[in-house]
Amino acid sequence: MRLSNYFLPVSKEAPADAAIVSHQMMLRTGMIRQNGAGIYSWLPLGYRVLKRIEQIVREEMNRSGAIEMLMPTLQQADLWRESGRYEAYGDEMLRIKDRHDREMLYGPTNEELITDVFRAYVKSYKQLPLNLYHQQWKFRDERRPRFGVMRGREFLMKDAYSFDLTEEDARKAYRRMFCAYLNAFSRMGLTAIPMRADTGPIGGDLSHEFIILADTGESAVFCDRELLDLPAPGLDLDFSSDLTAIVEQRTKFYAATEEMHDAASFEALPEARRVSARGIEVGHIFYFGTKYSLPMNAVVQGPDGQMVPVQMGSYGIGVSRLVGGIIEASHDEHGIVWPDAVAPFPVGIINMRAGDTACDAACAALYDQFAKAGVAAMYDDTDEQAGGKFARMDLIGLPWQIVIGPKGLEKSTVELKRRKTGEKIEMSAEDALRKVLG
Ligand code: 5CA
């Protein structure tokens, strides 16, 4: 992408109404534009990051055996009357009427809708286990939308729903999601800690929130330091194997959100291991048994011929929230520092003297080589001052920068900079290309 043809509305000033770093940086880098309280447009740079996160989530859901589909944003109120949640959900639900005066709502979550799909087709335990997911926009009329995409009203969620015959199988499905989440967050460069959590309006008695630690997190969290160093299960995990040990390796340590906090157990830990911090909830998983299947009559025939309500769980990831969460976890005083896996572009090429024949030719050649290798580079071909170009490239946080100027070209070199460490090395353009392509 040549910057002169791109849409990157970067601003120099920190916006006055943004209270946290990720919100400030997303506005300054032109990733998002607020269109209403808690409602945002995703501008080209932000949209690329959102898509990359979505893709990691998709790959890890698929790897765990879940199946992707898509449900609508608008739902019928009657479906929610069946589960009893239409009245119970309260003011967070955006209620709408269509031209026939039918009551509709913009989905804040999809337990009812997926249960309706399930009961239409699945009648036998032989079709189980089943886990269906989608990544779709949700609307919650939050009392206090704030911190940009962290607590929006419209936000992108991955929500998965598992269906099993027995409670034991449902707990296995829960463990598969638990492990898939650890892998997905780890791929994004995040340490997400599963914490026992309150189930709120989704319900059920087993639930974990996945929390990343950040000073600007909305909730107070408490955990054992040992949890911070545990590696993710790894992408070669066999999801058909017994995952109990992996889950227990984590759940045996103390980790709780404020609502579930038990000061006595926490203080029983040696002082050096007590982490009392703030956290951002990037995912939340629930096992709730027959809470929806029973009232909605989603039943399957078991091996003994009996019809029983199906056992369910639901599993959410805040896809749009993660964009802000990753910035909170990875930035410095100059701007964002994107982890390679979610960066909007892997590399930025800076032309130090746009208009100079040799510089233009060297930049264009390198840019084309990246394109041939299937890599979209961001090429700053503008004729602005070098200082401004460096600052902008640091601000948008691409993992690699390649600076091409007349002095280097005399020696046939370019400068390769790693955004994260600030390390700069002079080398040939071919070597820089190879290094970035890894
Ligand atoms: N049905 C269940 C699981 S699919 C559910 O809705 N769970 S949830 O309420 O915990 O939401 C799932 C995830 O969506 C949360 O962990 C959080 O990361 C994200 N999320 C929730 N509310 C918002 C919001 N207002 N803005 C941005 N992300 C949100």
Side-chain angles (χ1 to χ4, degrees), residues 1-10 29-31 42-56 59 187-189 323 326 330 334-438:
M1 191 56 65
R2 280 173 185 262
L3 190 54
S4 60
N5 300 332
Y6 200 52
F7 184 65
L8 186 75
V10 165
T29 55
M31 291 178 66
W42 289 80
L43 306 183
L45 191 75
Y47 191 53
R48 287 183 78 97
V49 178
L50 189 68
K51 286 282 156 195
R52 294 208 73 186
I53 294 173
E54 210 182 339
Q55 183 59 20
I56 292 175
E59 286 169 13
R187 278 187 65 188
M188 296 170 204
V323 181
I326 291 169
S330 187
H334 304 296
I336 303 169
V337 182
W338 289 116
D340 295 277
V342 299
F345 297 91
V347 56
I349 301 170
I350 297 179
N351 186 341
M352 291 285 283
R353 196 172 292 166
D356 174 273
T357 319
C359 285
D360 289 355
C363 287
L366 187 59
Y367 178 69
D368 288 344
Q369 279 175 298
F370 274 116
K372 282 204 188 87
V375 166
M378 160 72 79
Y379 169 22
D380 187 344
D381 59 344
T382 64
D383 56 10
E384 292 163 35
Q385 295 289 316
K389 288 183 165 189
F390 291 142
R392 177 170 53 207
M393 203 55 97
D394 278 351
L395 180 68
I396 67 172
L398 309 184
W400 296 100
Q401 300 174 8
I402 299 175
V403 180
I404 300 184
K407 278 208 195 104
L409 286 183
E410 279 171 18
K411 300 177 283 174
S412 299
T413 62
V414 301
E415 187 183 82
L416 178 69
K417 174 174 156 182
R418 184 73 172 152
R419 172 67 179 87
K420 192 171 171 180
T421 57
E423 190 191 1
K424 295 175 187 170
I425 308 176
E426 263 190 54
M427 56 177 73
S428 69
E430 290 69 39
D431 284 347
L433 176 85
R434 238 172 280 139
K435 183 103 180 141
V436 172
L437 296 180

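- Atom CG of Leu50 is separated from atom CG of Leu43 by 12.0 Å, given to the nearest 0.5 angstrom.
- Taking Leu437 as the reference, Phe370, Ala373, Val375, Leu433 meet the side chain to side chain contact (heavy atoms under 4.5 Å, CB included) condition, with sequence neighbours excluded.
- Checked by atom type and distance alone, the side chain of Ser330 pairs as donor or acceptor with a backbone atom of Val337 at under 3.5 Å.
- To the nearest 0.5 Å, the span separating NZ on Lys389 from CD on Gln401 amounts to 12.5 Å.
- Within 6.0 Å of CZ in Arg353 there are 12 or fewer heavy atoms belonging to other residues, nucleotides or ligands.
- A cation-pi contact, defined as under 6.0 Å to the ring centre and within 45° of the axis, links Arg418 to Trp400.
- Smallest separation of non-hydrogen atoms from Trp338 and Pro399: O-CG, 3.8 Å.
- Heavy-atom minimum distance, Cys359 versus Asn351: CB-OD1, 3.4 Å.
- Screening residues 341-364 for ring-ring contact (aromatic ring centres under 6.0 Å, His included), with sequence neighbours left out, gives Tyr6-Phe345.
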Exercise for review: May I have the step-by-step check of salt bridge (charged side-chain N to carboxylate O under 4.0 Å, His left out) for Lys417 and Asp394, ending in yes or no?
Suggested key: CA-CA 10 Å; Lys417 174 174 156 182; Asp394 278 351; 3.0 Å; yes

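- Environment of CG in Asn5: crowded, with over 12 heavy atoms of neighbouring residues, nucleotides or ligands closer than 6.0 Å.
- Inter-residue side-chain proximity for Ile336 and Met31 is flagged as met; some heavy-atom pair is nearer than 4.5 Å.
- Contact record, Leu45 with Leu8: CD2-CD1, 3.7 Å, taken as the closest heavy-atom pair.
- A 4.5 Å side-chain heavy-atom check between Arg434 and Glu430 finds at least one atom pair inside the cut-off.
- Residues meeting the side chain to side chain contact (heavy atoms under 4.5 Å, CB included) test with Ala341, sequence neighbours left out: Ile56.
- A heavy-atom distance below 4.5 Å is not found between the side chains of Asp381 and Cys363.
- Residues Met352 and Pro406 share a closest heavy-atom pair of CB-CD, 4.5 Å.
- Tyr379 places no side-chain N or O within 3.5 Å of a backbone atom of Ser4 that could act as its donor or acceptor partner.
- Each of Ile350, Leu366, Asp360 was checked for a side-chain contact (heavy atoms from CB on, under 4.5 Å) with Ile404, and the lone residue meeting it is Leu366.
- Scanning all heavy atoms of the two residues, the minimum distance from Ala364 to Arg2 falls at CB-NH2, 4.0 Å.
- Judged by distance alone, with hydrogens and angles left aside, the side-chain atoms of Arg52 form a donor-acceptor pair with the main-chain N or O of Ala343 at under 3.5 Å.
- When every heavy atom of Ala376 is checked against every heavy atom of Arg48, the shortest pair comes out as CB-NH2, 3.6 Å.
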